[in-house]
Amino acid sequence: LKLASVLFPDWAYKPAWSPGSRQVQLWHFLLELLGRGEGGAIGWGGEWGEFVIRDPERLARLWGERKGKPHMNYDKLSRALRYYYNKRILHKTKGKRFTYKFNFSKLILVNYPGHPVTSTGSKQSLTQCRFTTGNCVFIWCVV
DNA sequence: CGCGGAACTT
DNA sequence: AAGTTCCGCG
């Protein structure tokens with residue numbers, strides 16, 4: 001089963017009153033590519049929530065295309081990623097080049113490679129905030 | 001590379 | 001608010 005579109009819970013979107021609220025958020029975009037197993041540009045890393053940017057300039061180009069920013073590059077994209085540190089969405093895996101990590105206190109993944117979730121109980125309690133992309137099911141933990 | 005301040009845009 | 005652009009610093 002594959003879903004054509006990715007669904008995020010309401011709280012994961014920019015506020016409706018915010019300018020550019022219809023635009024995708026960068027971390028949504030990253031999860032979209034990761035979930036799709038897009039390959040080349042970005043992929044999951046060894047640890048829980050960790051991902052590696054395999055082709056930084058290509059990822060930047062893809063992001064720029066999505067946002068209509070033709071001059072996007074990794075320097076600028078990575079600045080946006082660094083703004084996520086204080087927001088507790090991401091942090092850097094120190095010492096590993098182009099490697100970042102999602103803070104999954106806010107986000108839990110099912111079918112995450114190497115971390116299958118078998119407990120139906122924990123699934124049940126969180127199914128309201130759920131979206132699917134590719135063969136990964138993302139379950140959100142509202143805090 | 002990776003970091004974070006600062007000004008600017010949407 | 002969530003980036004984008006630019007940049008000096010380690």
Side-chain angles (χ1 to χ4, degrees), chain A residues 1-117 119 122-143:
Chain A
L1 177 77
K2 277 201 173 186
L3 297 186
S5 59
V6 177
L7 298 173
F8 286 91
D10 287 349
W11 64 264
Y13 286 98
K14 291 181 185 178
W17 50 264
S18 168
S21 59
R22 295 195 179 280
Q23 300 257 48
V24 215
Q25 266 163 284
L26 177 55
W27 62 289
H28 294 204
F29 177 75
L30 295 178
L31 286 175
E32 192 183 306
L33 293 185
L34 286 166
R36 222 160 56 201
E38 190 269 345
I42 190 172
W44 291 117
E47 285 188 44
W48 171 254
E50 195 175 82
F51 62 95
V52 182
I53 300 170
R54 298 205 188 96
D55 189 339
E57 291 308 325
R58 183 172 162 213
L59 179 67
R61 186 174 48 73
L62 292 170
W63 174 233
E65 279 168 14
R66 176 67 71 90
K67 288 290 290 289
K69 296 284 175 181
H71 303 299
M72 181 54 56
N73 58 27
Y74 181 67
D75 179 48
K76 295 172 196 170
L77 187 152
S78 61
R79 182 68 189 94
L81 293 180
R82 290 195 292 277
Y83 272 126
Y84 283 150
Y85 299 169
N86 283 338
K87 293 181 184 176
R88 309 264 132 148
I89 293 171
L90 288 184
H91 62 81
K92 187 74 183 68
T93 301
K94 288 167 189 173
K96 290 186 185 174
R97 209 163 173 240
F98 305 126
T99 303
Y100 300 79
K101 195 170 171 180
F102 278 99
N103 290 330
F104 284 157
S105 59
K106 280 188 170 180
L107 176 66
I108 295 169
L109 280 78
V110 177
N111 300 344
Y112 179 86
H115 295 83
V117 172
S119 162
S122 58
K123 274 186 186 178
Q124 223 90 54
S125 57
L126 293 164
T127 39
Q128 48 171 29
C129 295
R130 186 180 121 155
F131 72 94
T132 309
T133 169
N135 53 4
C136 281
V137 177
F138 297 79
I139 292 179
W140 299 78
C141 188
V142 184
V143 258

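Throughout, protein chains are lettered first and strands after them, A, B, ... in sequence-line order, and every chain is numbered starting at 1. Note that the coordinates shown come from a computational prediction; the quantities given were computed from them, not determined experimentally.
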For [N] and [X] - does any side-chain N or O of the residue sit under 4.0 Å from the phosphate oxygens OP1/OP2?
{"X": "A:Trp27", "N": "C:dA2", "value": "no"}
{"X": "A:Lys76", "N": "C:dT5", "value": "yes"}
{"X": "A:Tyr85", "N": "B:dG4", "value": "no"}
{"X": "A:Lys87", "N": "C:dA2", "value": "yes"}

Check: Nearest 0.5 Å, what's the CG-OH distance between A:Leu30 and A:Tyr84?
Finding: 7.0 Å
Next item on the list: For the side chain of A:Lys69, starting at C-beta, report the closest nucleotide among B:dG4, B:dT10, C:dG3.
Entry: B:dT10
Checklist line | Out of C:dT5, C:dG3, B:dG4, whichever nucleotide has its closest atom nearest the side chain of A:Met72 | finding: C:dT5
Write down the distance between [atom1] ([X]) and [atom2] ([N]), rounded to a whole number of angstrom.
{"X": "A:Leu26", "N": "C:dA2", "atom1": "CG", "atom2": "C1'", "result": "10 Å"}
{"X": "A:His91", "N": "B:dC3", "atom1": "NE2", "atom2": "C1'", "result": "16 Å"}
{"X": "A:Lys67", "N": "C:dT5", "atom1": "NZ", "atom2": "P", "result": "9 Å"}
{"X": "A:Leu77", "N": "C:dT5", "atom1": "CG", "atom2": "P", "result": "11 Å"}
{"X": "A:Arg82", "N": "C:dG10", "atom1": "CZ", "atom2": "C1'", "result": "13 Å"}
{"X": "A:Leu81", "N": "B:dC3", "atom1": "CG", "atom2": "P", "result": "10 Å"}
{"X": "A:Arg66", "N": "C:dA2", "atom1": "CZ", "atom2": "C1'", "result": "16 Å"}
{"X": "A:Leu90", "N": "C:dA2", "atom1": "CG", "atom2": "P", "result": "13 Å"}

Check: Which comes earlier along DNA chain C counting from the 5' end, the contact point of A:Tyr83 or that of A:Asp75, where each point is its nearest nucleotide?
Finding: A:Tyr83
Check: Got a donor-acceptor contact below 3.5 angstrom from the A:Lys92 side chain to the A:Lys96 backbone?
Finding: yes
Check: Does A:Asp55 reach the main-chain N or O of A:Gly40 with its side chain, forming a donor-acceptor pair under 3.5 Å?
Finding: no
Item checked: Presence of donor-acceptor pair under 3.5 Å, side chain of A:Arg79 and base of B:dG2 -> no
Notebook entry, point to check: If you pin A:Tyr100 and A:Asn86 to their nearest nucleotides in DNA chain B, which one's is more 5'?
Noted result: A:Tyr100
Check: Checking all strands, does A:Arg97 fall into the base, sugar-phosphate, or nothing category for heavy-atom contacts under 4.0 angstrom?
Finding: sugar-phosphate
Check: Which part of the nucleic acid does A:Lys92 contact within heavy-atom distance under 4.0 Å: base, sugar-phosphate only, or nothing?
Finding: sugar-phosphate
Check: Can you name the nearest heavy-atom pair linking A:Leu26 to A:Leu77, along with the distance?
Finding: CD2-O, 4.1 Å
Notebook entry, point to check: Would A:Arg61 and A:Glu65 pass as an ion pair if we require N to O under 4.0 Å?
Noted result: yes
